[in-house]
Amino acid sequence: MNRKFEHHLVPATVPGVRAFGLAVIAAAALLAGAGVIPASALATTITLNTTPTGIFPTAITVDSAGNIYTANYSSNDVSKITPSGVTTTLNATFTDGPPNAITIDSAGNIYTANFGSNSVSKITP
């Protein structure tokens, strides 16, 4: 079953914001709410059809190559969605609790905040 995600992109002319996919949803909302960019700058809409491998994604992040990562609470895993829409599940084990938040650093290390355990997990490239 395909899920349809509609979201707005921040134009590439906005300094410091990467104009790609789902990763700019939260950033664009925060920036627009803070008055940093006008709401009219969020006019571009694209649709990404993909089948997530995880259940109940609670957070997203994006790497420098445009890959989207989701922290999946109910399936206790992390999914990777490539710019072409190919979805895979990362080989990571969360024994301290399911991932509830996610971020990635410039070296490609993924960090998840895990629900109910007060722990952070690191997934290396």
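Heavy atoms only: backbone and side chains are in, while hydrogens, waters and symmetry mates are out.
Not counting sequence neighbours, the partners of Asn114 by the side-chain contact (heavy atoms from CB on, under 4.5 Å) test are Phe94, Pro99, Thr112, Ser117, Ser119, Ser121. Asp105 pairs by the side-chain contact (heavy atoms from CB on, under 4.5 Å) definition with Ala107, Asn109, Tyr111, not counting sequence neighbours. Residues forming a side-chain contact (heavy atoms from CB on, under 4.5 Å) with Ala113 (at least two apart in sequence, or on another chain): Ala101.
A chain of hydrophobic side-chain contacts below 4.5 Å, direct or via other Ile, Leu, Val, Met, Phe, Trp or Tyr residues, connects Phe115 to Phe56.
Listed here is the closest heavy atom pair of Gly66 and Pro83: O-CG, 3.6 Å.
Here the side chain of Ser75 pairs a donor or acceptor atom with the backbone of Ile55 at under 3.5 angstrom.
Applying the side-chain hydrogen bond (donor to acceptor under 3.5 Å, both in side chains) test to residues at least two apart or on different chains, none of the pairs has a partner in residues 90-101.
Proximity of Thr70 to Val78: side-chain heavy atoms (C-beta onward) are nowhere separated by under 4.5 Å.
The distance from the NZ atom of Lys80 to the CD1 atom of Ile123 is 12.0 Å, given to the nearest 0.5 Å. In this structure, the separation between CG on Asp63 and CD1 on Ile110 is 7.5 Å, given to the nearest 0.5 Å. The distance from the CG atom of Asp77 to the CG atom of Asn72 is 4.5 Å, given to the nearest 0.5 Å.
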